[in-house]
Number of protein chains: 2
Amino acid sequence: MSQVHAFPKPGHNHARCTADALRKAEAVCAARKSRLTEIRRDVLETVWQSHVPVGAYDILSHLNENGGKTAPMAVYRALDFLMENGLVHRIASLNAFIGCAHMGEEHHAAQFLICHSCGTTAELESAPLKRALTQAVSERGFTIDSQIVEISGTCPHCRAA
Amino acid sequence: MSQVHAFPKPGHNHARCTADALRKAEAVCAARKSRLTEIRRDVLETVWQSHVPVGAYDILSHLNENGGKTAPMAVYRALDFLMENGLVHRIASLNAFIGCAHMGEEHHAAQFLICHSCGTTAELESAPLKRALTQAVSERGFTIDSQIVEISGTCPHCRAA
DNA sequence: AGGTATAATGTGATGTTATAACATATACAA
DNA sequence: TTGTATATGTTATAACATCACATTATACCT
Ligand SMILES: [Zn+2]
Ligand SMILES: [Zn+2]
Ligand SMILES: [Zn+2]
Ligand SMILES: [Zn+2]
């Protein structure tokens, strides 16, 4: 069941990741009666080109590769939509965005492992960590609204190399 | 000993916080043979004007209040120095900076509680949380270099009000 | 179908945060 | 004192993000 998610491997079949993600996104939006419009889908697809967080202006460049004329605002609006619907996360320490690995699974925590060698970023999603955090915070009389956990280091694959 | 740090109270004697911070900073720099130059000290003092994280350009404005002509670069360089020496932290989710509450005490974690009502931001510094984090991360074969934990919510004082 | 409200997108300007590149000045040790 | 590393000055620009307002598309009611 609650298996520890493996860190994305260098040579994995990423086309499947992307396809899965887009399919799930369609389902989530259908369920929520949110409209996954063309630009939103394009942005999501761009974000899913890899497991490396991508900047808003990189997304923009990608969209405009073939002579498009999309403006930054459109990208940010699409990203806002995708974040509101739990399809994309923002990595604050990088000012960049990454596809959510747990669409629709209502995961509360946004915890990330960021390899500063290959850039690959994965969701940690540790329940014990979440508990420790909740405990520590409530001990201090603080009420949580949102949290950011971003851990930078070296991923297993880069470490092996 | 390892007492739970109280969240800064609204009416506390903050002049003492500032004075303590500057004194400790002098000591830390002396010990490390780092030079706390005028601009670095000015930036540190500005950062310590409150327990609310302050943006680089706000610091800049403050420095230039009386006709100064400091450039952004100077502020960022001072902030880099202060961060390298553990005197200031960056709050990634706010693009802002705050004085370190544990100067010289070699605390490894940078964990913050951010009240989005009053802006007051305090270091959490929870050992159990740090352990849970280390555990969860190493289970996944990841090697930590640095971490960011930023929790937004309502502080005890704002909650009471 | 037509009308109307809401949602989404287009567009241009601007705001905010951060760094590059190179010149000059200062500290400090040999 | 003189060389070298460190710190600062200066100008420009990169990178990230939002405002404000116009236009278009879609939903949904009559
Ligand atoms: Zn993949
Ligand atoms: Zn890696
Ligand atoms: Zn204080
Ligand atoms: Zn508060």
Side-chain angles (χ1 to χ4, degrees), chain A residues 25-26 29-47 52-64 67-85 87-98 114 116 119 121 148 150, chain B residues 25-26 28-30 32-47 52-64 67-85 87-98 114 119 148 150:
Chain A
E26 301 274 12
C29 288
R32 299 183 48 143
K33 299 197 202 303
S34 291
R35 295 174 47 212
L36 188 60
T37 60
E38 188 179 1
I39 188 168
R40 290 166 177 173
R41 204 191 131 90
D42 288 350
V43 168
L44 182 60
E45 200 167 357
T46 303
V47 163
V52 178
V54 57
Y57 278 77
D58 292 335
I59 296 170
L60 185 63
S61 302
H62 184 256
L63 296 187
N64 287 338
K69 54 186 197 311
T70 305
M73 201 60 238
V75 173
Y76 281 105
R77 284 200 279 232
L79 286 169
D80 285 346
F81 169 88
L82 295 170
M83 286 190 287
E84 277 166 13
N85 288 273
L87 306 179
V88 156
H89 295 289
R90 179 168 196 274
I91 307 295
S93 57
L94 301 176
N95 293 327
F97 303 84
I98 192 163
I114 305 166
H116 53 43
T121 295
I148 292 175
E150 294 174 14
Chain B
E26 302 274 12
V28 167
C29 287
R32 301 184 45 145
K33 299 198 201 307
S34 291
R35 294 173 48 210
L36 189 60
T37 60
E38 189 178 2
I39 189 169
R40 290 166 175 175
R41 204 192 133 93
D42 288 350
V43 168
L44 182 61
E45 200 167 357
T46 303
V47 164
V52 179
V54 58
Y57 280 77
D58 291 334
I59 295 170
L60 184 63
S61 302
H62 184 255
L63 295 187
N64 288 339
K69 52 185 196 317
T70 304
M73 204 56 243
V75 173
Y76 281 103
R77 286 200 275 233
L79 286 168
D80 284 346
F81 168 88
L82 294 169
M83 286 189 289
E84 276 166 14
N85 287 273
L87 306 178
V88 157
H89 294 290
R90 179 167 196 275
I91 308 296
S93 57
L94 302 175
N95 292 327
F97 304 84
I98 191 162
I114 305 167
I148 293 176
E150 294 174 14

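What you see below is based on every heavy atom in this structure, not just the backbone, and it leaves out hydrogens, waters and symmetry mates. Here is the naming used below: chain letters follow the sequence lines, and residue numbers restart at 1 for every chain.
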Measure the CG-CZ distance between A/N85 and A/F81 for me, rounded to the nearest 0.5 Å. 4.0 Å

Can you sort out the partners of A/R77 under side-chain contact (heavy atoms from CB on, under 4.5 Å), two or more places apart, ordered by chain and number? A/M73

Sorted by number, residues from residues 71-80 of chain A placing a heavy atom under 4.0 Å from DNA chain C are A/A71, A/M73, A/R77

Between [N] ([atom2]) and [X] ([atom1]): distance, integer Å:
X: B/Y57; N: C/dT19; atom1: OH; atom2: P; value: 10 Å
X: B/K33; N: C/dA27; atom1: NZ; atom2: P; value: 18 Å
X: A/R35; N: D/dA25; atom1: CZ; atom2: P; value: 12 Å
X: A/I59; N: D/dC16; atom1: CD1; atom2: P; value: 11 Å
X: B/L82; N: D/dA7; atom1: CG; atom2: C1'; value: 14 Å
X: A/L60; N: C/dT11; atom1: CG; atom2: C1'; value: 13 Å
X: B/L36; N: C/dA27; atom1: CG; atom2: P; value: 15 Å
X: B/F81; N: C/dA27; atom1: CZ; atom2: C1'; value: 14 Å

Rounded to 10°, the helix from C/dA1-D/dT30 to C/dA30-D/dT1 deviates from straight, judged by its five-pair end axes, by 30°

Check whether B/S93 reaches the backbone of B/I91 with its side chain - one donor and one acceptor, N or O, closer than 3.5 Å. no

side-chain contact (heavy atoms from CB on, under 4.5 Å) evaluation trace for B/V28 with B/S34: CA-CA 8 Å; B/V28 167; B/S34 291; over 6 Å; no

side-chain N/O A/N95 vs C/dT17 OP1/OP2, d < 4.0 Å: no

Give me the atom names and distance for the closest heavy-atom approach of [X] to [Y].
X: A/P53; Y: A/A96; result: CB-CB, 3.6 Å
X: B/L60; Y: B/T70; result: CD1-O, 3.3 Å
X: B/M83; Y: B/H89; result: SD-C, 4.4 Å

Side chain to side chain donor-acceptor pair (under 3.5 Å) filter on A/T37, not counting sequence neighbours, yields none

Name each donor-acceptor pair under 3.5 Å that joins a side chain in residues 39-46 of chain A to protein atoms two or more places apart or in another chain, with its distance.
residue : atom : partner : partner atom : Å
A/R40   : NH1  : A/R35   : O            : 2.7
A/R41   : NH1  : A/E26   : OE2          : 2.7
A/T46   : OG1  : A/D42   : O            : 2.8
A/T46   : OG1  : A/H62   : ND1          : 3.1

Steps toward side-chain contact (heavy atoms from CB on, under 4.5 Å) verdict (A/T121, A/V52): CA-CA 6 Å; A/T121 295; A/V52 178; 6.0 Å; no

Below 4.0 angstrom, which residues in residues 37-47 of chain B have at least one non-hydrogen atom near DNA chain D? B/T37, B/I39, B/R40

